[in-house]
Amino acid sequence: MVIGIFGESCTGQSTLADKLKGSINAQIYTGKDYLRLEKNEVAAKQSFQAKLREAINGENIIYVISEKEHLSLLPDGSIRVLVTADLETIKTRFAERMHGNLPAPVAAMLERKHGCFDTEPHDIHVIFGQTSVGDVCRKIAAINI
């Protein structure tokens, strides 16, 4: 099974992936982790796509995505999980990562990007702080039957 968890930075995708990992015994890839598979980017991307296609009916892989162009790497049959949060939550979490300081250019970038994944097709929608991991696991199990 392949689960693509996608959304803006600081919406909780990695936290969700870490919690799901134990529940379903999955391997996690994030962003461009696939570059470690081969010596050049094109070959690495091809190897990763083949690995994901094979995993649709095999091992469990969770792919955490924060850049829209990486959505195209998800093969047909993947479970697509959209993770969202309100803009103030994203800014607060991002500021925490930056030791309490959110520079104006970073805040402006977050504002520009906010909502960029909202219209992407998905099987499950997780709203930060409102959806439990148990709920997500049950929904994944229902899809994967």
Between [X] and [Y] (side chain of the first, backbone of the second, donor and acceptor by atom type, cut-off under 3.5 Å), is there such a pair?
X     : Y      : answer
Gln13 : Gly7   : yes
Lys68 : Cys116 : yes
Arg80 : Pro121 : yes
Glu8  : Gly115 : yes

Once you round to the nearest 0.5 Å, how far does [atom1] of [X] lie from [atom2] of [Y]?
X      : Y      : atom1 : atom2 : result
Thr11  : Leu87  : OG1   : CG    : 12.0 Å
Lys32  : Glu67  : NZ    : CD    : 8.5 Å
Ile140 : Ile3   : CD1   : CD1   : 3.5 Å
Ile124 : Arg138 : CD1   : CZ    : 11.5 Å
His122 : Ser78  : NE2   : OG    : 15.0 Å
Asn40  : Ser47  : CG    : OG    : 9.0 Å

message = Would you call the rings of Phe48 and Tyr63 parallel, tilted or perpendicular, taking 30° and 60° as the class edges?
response =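 The rings of Phe48 and Tyr63 stand perpendicular, inter-plane angle above 60°.
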Quick one: closest heavy-atom pair of [X] and [Y], and the distance?
X     : Y     : answer
Leu37 : Ala44 : CD1-O, 4.2 Å
Ala55 : Ile61 : CB-CD1, 3.6 Å
Val64 : Ser14 : CG1-OG, 4.0 Å
Pro75 : Arg53 : CB-CG, 3.8 Å
Gly77 : Ile56 : C-CD1, 3.5 Å

Flag side-chain contact, heavy atom, 4.5 Å: [X] against [Y]:
X      : Y      : value
Cys137 : Leu20  : yes
Phe6   : Leu82  : yes
Leu16  : Thr131 : no
His70  : Tyr34  : yes
Phe117 : Leu71  : yes

Inset, instruction - Apply the test side chain to side chain contact (heavy atoms under 4.5 Å, CB included) to residues Lys139 and Val136: give CA-CA distance (whole Å), side-chain angles for both, the deciding distance (0.1 Å), then the verdict. - result: CA-CA 5 Å; Lys139 289 176 182 179; Val136 175; 5.7 Å; no
Got more than 12 heavy atoms from elsewhere within 6.0 Å of CG, Asp76?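 No, the 6.0 Å shell around CG holds no more than 12 heavy atoms from other groups.
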Count I, L, V, M, F, W, Y as connected when their side-chain heavy atoms are under 4.5 Å apart, and connections chain through other members. Are [X] and [Y] then in the same cluster?
X      : Y     : answer
Leu73  : Val42 : no
Val126 : Ile90 : no
Ile24  : Ile79 : yes

side-chain contact (heavy atoms from CB on, under 4.5 Å) with Ile65: which of Val81, Leu74, Val83, Ile5?
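Among the candidates, only Leu74 passes.
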Q.
Could you work out, with side chain to side chain donor-acceptor pair (under 3.5 Å) as the rule, every residue matching Thr15, not counting sequence neighbours?
A.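 For Thr15, no residue satisfies side chain to side chain donor-acceptor pair (under 3.5 Å) once neighbours in sequence are set aside.
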Notebook entry, point to check: Does the pair Glu59/Lys51 count as a salt bridge with the N-to-O cut at 4.0 Å?
Noted result: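 Judged by the 4.0 Å cut-off on N to carboxylate O distance, Glu59 and Lys51 do form a salt bridge.
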- prompt: So which pairs with a foot in residues 82-106 pass side-chain hydrogen bond (donor to acceptor under 3.5 Å, both in side chains), sequence neighbours left out?
  reply: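 The answer is Thr84-His125, Asp86-Thr89, Lys91-Glu111.
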